[in-house]
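Comments concern the structure below.
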2 protein chains.
Amino acid sequence: MREAATVENRPYHHGDLRRALVDAARRILENEGPSALSLRAVAREAGVSPAAPYHHFKDKGELLEAVAFVGWDALGEAMTAAKERTPDLGARMTEIGVAYVQFSQAHPALYRVMYDCSRDKDELPEGLQDKEDSAYCQVRETFRAFAGPEVADVDIELATIAAWCAAHGLAEMNSFKQFDPLKQGLGGEEGFLRAVLSHLGMFPAARAKANGPG
Amino acid sequence: MREAATVENRPYHHGDLRRALVDAARRILENEGPSALSLRAVAREAGVSPAAPYHHFKDKGELLEAVAFVGWDALGEAMTAAKERTPDLGARMTEIGVAYVQFSQAHPALYRVMYDCSRDKDELPEGLQDKEDSAYCQVRETFRAFAGPEVADVDIELATIAAWCAAHGLAEMNSFKQFDPLKQGLGGEEGFLRAVLSHLGMFPAARAKANGPG
DNA sequence: AAGATCATCTTGACGCCGTTCAGATCGGTG
DNA sequence: CACCGATCTGAACGGCGTCAAGATGATCTT
């Protein structure tokens, strides 16, 4: 009885359960939020027993890491798109930041999982910083292009970190009710994001440049 | 049998269980971290049954809110102390930010509970923004004093929000391993914090001022 | 083609969790 | 003193993460 091994027409061995579990987790995150994301729920959603995931992930945390990895990939693409559609170097950082926060707003539960994983391991996800075209490197190169070659490497690095911190902070606080009145006066969410982010992430040399020689 | 109602010499009615539970929760947070903070563990630590907390808190979330409230209070005091020990207006914001991040570093589990509660309710804790001497108002007044009266209210507000986002972001990312090499070149943790925060939270008018007329 | 091997999946169990409810206890009010 | 309402206990429920033992079937060997 090769077919119909269970009630549905699913064979005993799934074939690609690892991917199916990650997809199921993402579906639950989008539809029911992070609090509903239990390992058992993921297994249920994927149509397997509660113990099945343990043949593909060491524990729940490792499954979440796989979900987070997909998320960082998508966020990186959104940032790249923002960079490429903004040729003006002075505006590019802000636009990348807006794309960052908008991603976190479009996928709040996923973003939460992404950062919770990073916090648990006390590091940004590997691959985000190492690869040449990684999101982190793109931000750094944007600063470098704007600042010019006379700015020290350490300042470029600091500016990148500062911008990242600011974007993350805003991503987590953007939905706070206290900001609503201010948003109305700034043309809605996007105007608010642009206004806040334009205050951030510029290092001293770039500041002087932005403010002009006078 | 008024005394020795249980094995210990504790009366049947605790007397101040609400406070005892909050203290127990803080003890667990400090000693075992956020993952160990179950409602049952708190009750155990306080020496009562698992159901006892429900006479003082609607659910686990409400207990955590009480813990968070204590945390925000302590953080506010740390920020006030930093403000008062830094008369120079140009350096004051950075020093308040350093105090903020250092608090989150000294009490990481507590800080996590504080922000998780805020995120669940989509608002900064009440009382943090309303009171005249609240932490938020102190930051805003610091910006106002530095910027002078000619800067628009909305810019002061944006700068305050931007600075808060940056401090929160840095608080959550400060322990990331990737920053370690950079910290070594900047005089350790505190030098790193000061360097990053000096990049942040300044609004355009203040930037111009900071960079001088030339 | 037949049998052995091994990864994959299920079943059932364990202890912990948050929460609820009926009942025990006790301080304060009439 | 008798009562009442607030407080606390004990037992229970379903859900959770995880593990061990056994069932299943794809693949490799001969």
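Chain naming here is simple, since letters A, B, ... match the order of the sequence lines and numbering starts at 1 in each.
Taking a cutoff of 4.0 Å between a charged side-chain nitrogen and a carboxylate oxygen, B:Lys183 and B:Glu189 qualify as a salt bridge. The pair B:Glu30-B:Arg26 does not meet the salt-bridge criterion, since no charged nitrogen lies less than 4.0 angstrom from a carboxylate oxygen.
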Could you walk me through whether B:Phe57 and B:Val22 pass the side chain to side chain contact (heavy atoms under 4.5 Å, CB included) check?
CA-CA 11 Å; B:Phe57 303 98; B:Val22 173; 4.0 Å; yes
Let's go through B:Lys60 and B:Asp120 carefully: what are the C-alpha distance in whole Å and the side-chain angles of both, what is the deciding distance for salt bridge (Lys or Arg N to Asp or Glu O under 4.0 Å) to 0.1 Å, and is it a yes or a no?
CA-CA 13 Å; B:Lys60 183 185 179 184; B:Asp120 287 347; over 6 Å; no
Begin from the C-alpha positions of A:Lys177 and A:Asp180 and carry the test salt bridge (Lys or Arg N to Asp or Glu O under 4.0 Å) through to its verdict.
CA-CA 5 Å; A:Lys177 294 170 190 160; A:Asp180 286 349; over 6 Å; no
Evaluate the salt bridge (Lys or Arg N to Asp or Glu O under 4.0 Å) criterion for residues B:Arg27 and B:Glu32: first the C-alpha distance (whole Å), next the side-chain angles of each, then the deciding distance (0.1 Å), finally the verdict.
CA-CA 8 Å; B:Arg27 233 172 299 138; B:Glu32 308 176 56; over 6 Å; no
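Each end of the helix from C:dA1-D:dT30 to C:dG30-D:dC1 yields a helix axis from five base pairs, and these two axes differ in direction by 10° (to the nearest 10 degrees).
Here OH of A:Tyr100 is found 13.5 Å from CD of A:Gln105. Values are rounded to the nearest 0.5 Å.
Across all strands, A:Arg18 comes closer than 4.0 Å to no nucleic acid atom at all (heavy-atom distances).
Not one side-chain nitrogen or oxygen of B:Arg44 sits closer than 4.0 Å to the OP1 or OP2 atom of C:dC16.
Going from atom CG of B:Leu39 over to atom C1' of C:dT20 covers 13 Å, rounded to whole Å. For A:Glu32 and D:dG15, the CD to P distance is 14 Å, given to the nearest whole Å.
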At a cut-off of 3.5 Å, list every protein nitrogen or oxygen paired with a nitrogen or oxygen from nucleotides 11-13 of chain C, distance to 0.1 Å.
none

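Considering every non-hydrogen atom in both A:His56 and A:Glu62, the closest pair reads O-OE2, 4.4 Å.
Enclosure of atom CD in B:Gln184 is not indicated, since only 12 or fewer non-hydrogen atoms of other residues, nucleotides or ligands lie within 6.0 angstrom.
Scanning residues 55-63 of chain A for heavy-atom distances under 4.0 Å to DNA chain C yields A:His55, A:His56.
Ring orientation note: the planes of B:Tyr115 and B:His168 are close to parallel, at an angle under 30° on the 30°/60° scale.
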